[in-house]
Participant: 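Before I ask anything, let me first share the structure, which is written out below as structure tokens.
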Amino acid sequence: MTRYRCRRHLPSRCVACAPSPPDLFLLPEPLPLPDPLPRSPDRPRVMAAYKPVVVQACPKLGEKITQDTLYWRGYKTPVQIKEFGAVNKIDFSPVPPYNYAVTASSRIHIYGRYSQEPIKTFSRFRDAAYCATYRDDGRLLAAGSEDGSICLFDVSGKAPLRQFEGHTKPVHLVGFLSDKYRIFSGGDDYSSKLWDIPSATEMISYSEHTDYVRCGCASKVNADVFITGSYDHTVKVFDARTKSSVMTIEHGHPVESVLLFPSGGLLVSAGGRYVKVWDVLKGGQLLVSLKNHHKTVTCLCLNSSGQRLLSGSLDRHVKIYSTTSYKVVHSFNYATSILSLALSPEDETIVVGMTNGVLNVKHRKPEEKNENSQKKRQPAYRTYVKGRSYMPKQEDFCVSKPVKRVLRKYDKLLRSFQSSKALDAVLEPPIMLHTPEVTVAVMQELHRRGTLRSALAGRDEKQVNLLLTFVARRVIEPRFTSVLVIVADMITDIYQPVVGQSAIVDKQFLKLQQAIGKEIDYQEELLEVLGMMDTLFATFTKKRDTCLEENKSNGVTEIIETNRNY
């Protein structure tokens, strides 16, 4: 004899549900199992406690949190300022209030520390302006121009105080010597010149470079020494007391920026993808070559203590190096390629200029002071340890405090066998985006119970779209692939008859197909690479180590050759 049994009333026979054929299946009537213990009316039925879903924790490859990471993350959300053109130079005033000059297009804007609008503008240029640089006292500002002239401005005025004529092509390098009365410059006419500020005359000219002179710096220790970098791959050290350069350093790539440490003993050059550190006191000996960028490095700067070196590149990254180990300790990412970079004298502000004319300004967060906040009075120490040292006696009855277990929403639904609602609970956007492992764990539990197919069925267009979006995005992750492949197979099998009726669902199916196709192609490429590596390893010849041993027996010397295979 057979009876109908319903899925919803599986523990008991259900004849009332028999008329609905889609929800029924036939099973023979089970034989009664003997009760191991005689049941009495007073003995209650005991059920096993529900075990929550185990969410597997997968290790995440996060960056190591160091003191440098905490320090450089201590900047506020950046302020974006739009300039008229690409920002080719940023220079901070060396004296308070530490305003900074921004050179872009044919203008030089002076910004205050927290101002988003320029507090002063120099626009007396017929064409593009380059390399606006402050003097050590912050009172004068010098800049080159596209027409080959050099203009000297008083920060408190508007019109140029001096104009130096001598270059025949654009001047991209202008700087002050440490004596404050001379200016050095470099231009696209391959020449480097030294100018006298009081008389506005040219003192000496050097024509040793064979390409554009685009960068340079002056020594703070010696008032006669300045350095230039050129696109001819060389860095030259000049002394104003001589008629030729005193040192030439081969960088190997067009030099975009040079930097001299405050001590004057170390020189940093940037060009191509390389940042190189040279020892000037040892005749230009190369100390270290850094290759952490994957595009041209365009700018360099030091922090106030000289312990951190910053480099900006066209790859949209700013790398921060330790000047003791020359390892990258932190990195910033920006929207577009970086042309200029500057750090305020107190390391309070980082300003970055980009090729799209955007000025990115980051200010350090102020330190929180909790001196005035009164701490709440805490209970005495004896309150916490009261009764901890008591040793129970033999006649004592110990009662353990029950631990209340708080179940998640999906666990409560799974405990009451509501599979579809449990799946809906983990398909909410916050869970899917931030903790996808919870969603996959519930799907795996439903598959273990055998109710995953029924939980996936009977959904509308919006719910199917949500399911397919999650599966298409996460199926390529190795930690989820084994479960989501089963889910994708069931979804395809269930909703195949309705393909073509909804453009949204069809689009998600195509995305799922593309994601799986790309992953298959990727796996095939990896197998090809693995085969190539196996071929290379197989062609390696075994090393033979010949060991000569002398065996002296019976007065005869015998040479034994021993072969060792590695």
Participant: Distance check, rounded to the nearest 0.5 Å: R273 atom CZ versus H294 atom NE2?
Facilitator: 8.5 Å
Participant: Flag the pair V275 / V268 as yes when at least one side-chain heavy-atom distance between them is below 4.5 Å, and no otherwise.
Facilitator: yes
Participant: Looking at R162 and P198, would you say the former's side chain and the latter's main chain have a donor-acceptor pair under 3.5 Å?
Facilitator: yes
Participant: Checking T103 against N88 for the side-chain hydrogen bond (donor to acceptor under 3.5 Å, both in side chains) test, could you report, in this order, the C-alpha distance in whole Å, the side-chain angles of both residues, the deciding distance, and whether it holds?
Facilitator: CA-CA 6 Å; T103 311; N88 60 75; 4.6 Å; no
Participant: Ignoring hydrogens and geometry beyond distance, is a side-chain donor-acceptor pair present between R316 and Y334 at under 3.5 Å?
Facilitator: no
Participant: Evaluate side-chain contact (heavy atoms from CB on, under 4.5 Å) for W72 paired with I320, printing each intermediate quantity in order.
Facilitator: CA-CA 9 Å; W72 294 105; I320 303 172; 3.5 Å; yes
Participant: Treating R182 as the side-chain partner and A223 as the backbone partner, does any N or O pair qualify as donor plus acceptor under 3.5 Å?
Facilitator: yes
Participant: Does the pair I81 and V358 meet the rule for a side-chain contact (heavy atoms from CB on, under 4.5 Å), with working shown?
Facilitator: CA-CA 6 Å; I81 302 174; V358 173; over 6 Å; no
Participant: Ring-plane angle category for H251 and H253, please: parallel below 30°, perpendicular beyond 60°, tilted otherwise.
Facilitator: perpendicular
Participant: Would a 4.5 Å heavy-atom cut-off, applied to side chains only, mark F480 and E437 as touching?
Facilitator: yes
Participant: Identify the residue among V221, T323, L309, L267 that makes a side-chain contact (heavy atoms from CB on, under 4.5 Å) with F261.
Facilitator: T323
Participant: Look at the side chain of S337 and the backbone N and O of L314, then say whether any donor-acceptor pair between them is shorter than 3.5 Å.
Facilitator: yes
Participant: For the residue pair F238 and V225, establish whether any side-chain heavy-atom pair is separated by less than 4.5 Å.
Facilitator: no
Participant: Which value, rounded to the nearest 0.5 Å, describes the distance between I183 atom CD1 and L152 atom CG?
Facilitator: 5.0 Å
Participant: Nearest 0.5 Å, please: how far is CG in L512 from CZ in R473?
Facilitator: 13.0 Å
Participant: Could you check whether atom NZ of K282 has more than 12 heavy atoms from other residues, nucleotides or ligands sitting under 6.0 Å from it?
Facilitator: no
Participant: Would you check if there is a donor-acceptor pair between the side chains of Q285 and D279 at a distance under 3.5 Å?
Facilitator: no
Participant: Please tell me whether S313 and D315 have a donor and an acceptor in their side chains that are separated by less than 3.5 angstrom.
Facilitator: yes
Participant: Determine whether a donor-acceptor pair (N or O, by modelled atom type, separation under 3.5 Å) exists between the side chain of T469 and the backbone of N465.
Facilitator: yes
Participant: Are S322 and Q307 side-chain neighbours, meaning at least one heavy-atom pair lies under 4.5 Å?
Facilitator: no
Participant: Locate the shortest heavy-atom distance separating A488 from V471; write the atom from each residue and the value.
Facilitator: CB-CG1, 3.9 Å
Participant: Any sub-3.5 Å donor-acceptor pair from T435's side-chain atoms to V438's backbone N or O?
Facilitator: no
Participant: In terms of side-chain heavy atoms, does T242 have a donor or acceptor partner in S244 at a distance below 3.5 Å?
Facilitator: no
Participant: Distance alone, cut at 3.5 Å: any donor-acceptor contact between the side chains of K236 and T248?
Facilitator: yes
Participant: Test ring-ring contact (aromatic ring centres under 6.0 Å, His included) on F92 and Y98 and set out the steps.
Facilitator: CA-CA 6 Å; F92 272 91; Y98 303 122; 7.9 Å; no
Participant: Assess, by modelled atom type and distance only, whether the side chains of S123 and T121 contain a donor and an acceptor separated by less than 3.5 Å.
Facilitator: no
Participant: Can you check ring-ring contact (aromatic ring centres under 6.0 Å, His included) on F153 and F125, steps first, answer last?
Facilitator: CA-CA 12 Å; F153 297 94; F125 293 93; 5.8 Å; yes
Participant: Quick one about H317 and S331 (side-chain donor to acceptor, distance below 3.5 Å, no hydrogens or angles considered), yes or no?
Facilitator: no
Participant: State whether a side-chain donor-acceptor pair under 3.5 Å links Y231 with E256.
Facilitator: yes
Participant: I'd like to know whether K362 forms a salt bridge (Lys or Arg N to Asp or Glu O under 4.0 Å) with E348, so could you lay out the CA-CA distance, the side-chain angles of the two residues, the decisive distance to 0.1 Å, and finally the verdict.
Facilitator: CA-CA 8 Å; K362 290 183 180 180; E348 193 271 341; over 6 Å; no
Participant: Testing the 3.5 Å rule here: is there a donor-acceptor pair between the side chains of E250 and H233?
Facilitator: no
Participant: Can you tell me which residue among F176, F184, W195 is in a ring-ring contact (aromatic ring centres under 6.0 Å, His included) with F226?
Facilitator: F184
Participant: Classify the side-chain pair S185/H167 by whether it contains a donor and acceptor separated by less than 3.5 Å.
Facilitator: yes
Participant: Look at the side chain of T439 and the backbone N and O of V426, then say whether any donor-acceptor pair between them is shorter than 3.5 Å.
Facilitator: yes
Participant: What's the spacing between T296 OG1 and I338 CD1 if we round to 0.5 Å?
Facilitator: 13.0 Å
Participant: With no hydrogens and no angle check, just 3.5 Å: does a side-chain donor-acceptor pair link S205 and K193?
Facilitator: yes
Participant: Let's go through V102 and L359 carefully: what are the C-alpha distance in whole Å and the side-chain angles of both, what is the deciding distance for side-chain contact (heavy atoms from CB on, under 4.5 Å) to 0.1 Å, and is it a yes or a no?
Facilitator: CA-CA 9 Å; V102 177; L359 198 67; 3.7 Å; yes
Participant: Using only heavy-atom distances, determine whether the side chains of S230 and T234 contain a donor-acceptor pair under 3.5 Å.
Facilitator: no
Participant: Taking distance alone, no hydrogens or angles, what donor-acceptor pairs closer than 3.5 Å link side-chain atoms of residues 126-138 to residues at least two apart or in another chain?
Facilitator:
| from | atom 1 | to | atom 2 | distance (Å) |
| --- | --- | --- | --- | --- |
| R126 | NE | D147 | OD2 | 3.4 |
| R126 | NH2 | D147 | OD2 | 2.6 |
| Y130 | OH | E146 | OE1 | 2.3 |
| T133 | OG1 | C131 | O | 3.2 |
| T133 | OG1 | V174 | O | 3.1 |
| R135 | NE | D137 | OD1 | 3.1 |
| R135 | NE | D137 | OD2 | 3.3 |
| R135 | NH1 | K180 | O | 2.9 |
| R135 | NH2 | D137 | OD2 | 2.6 |
| D137 | OD1 | R139 | N | 3.2 |

Participant: Quick one: does V235's side chain get under 4.5 Å of I227's, heavy atoms only?
Facilitator: yes
Participant: Regarding Q523 and E525, do their side chains bring together a donor and an acceptor under 3.5 Å, going by distance alone?
Facilitator: no
Participant: Evaluate the side-chain hydrogen bond (donor to acceptor under 3.5 Å, both in side chains) criterion for residues H209 and D232: first the C-alpha distance (whole Å), next the side-chain angles of each, then the deciding distance (0.1 Å), finally the verdict.
Facilitator: CA-CA 7 Å; H209 286 292; D232 62 2; 3.2 Å; yes
Participant: Please say whether more than 12 non-hydrogen atoms of neighbouring residues, nucleotides or ligands are located less than 6.0 Å from CD in E477.
Facilitator: yes
Participant: When rounded to the nearest 0.5 angstrom, what is the spacing between OG1 in T324 and CZ in R308?
Facilitator: 6.5 Å
Participant: Take the angle between the ring planes of H293 and Y321 and call it parallel below 30°, perpendicular above 60°, tilted in between.
Facilitator: perpendicular
Participant: Using the benzene-type ring in the case of Trp, are the ring centres of Y114 and H363 under 6.0 Å apart?
Facilitator: yes
Participant: How many angstroms lie between OG in S178 and CG in N222, if you round to the nearest 0.5 Å?
Facilitator: 7.0 Å
Participant: Do the side chains of Q116 and V79 get nearer than 4.5 Å, heavy atoms only?
Facilitator: yes
Participant: Go through L341 and V318 one step at a time and tell me if the side-chain contact (heavy atoms from CB on, under 4.5 Å) criterion holds.
Facilitator: CA-CA 9 Å; L341 167 69; V318 171; 4.2 Å; yes
Participant: Check whether any side-chain heavy atom of Y71 sits under 4.5 Å from a side-chain heavy atom of D347, and report yes or no.
Facilitator: yes
Participant: Less than 4.5 Å apart, any side-chain heavy atom of Y206 and any of S245?
Facilitator: no
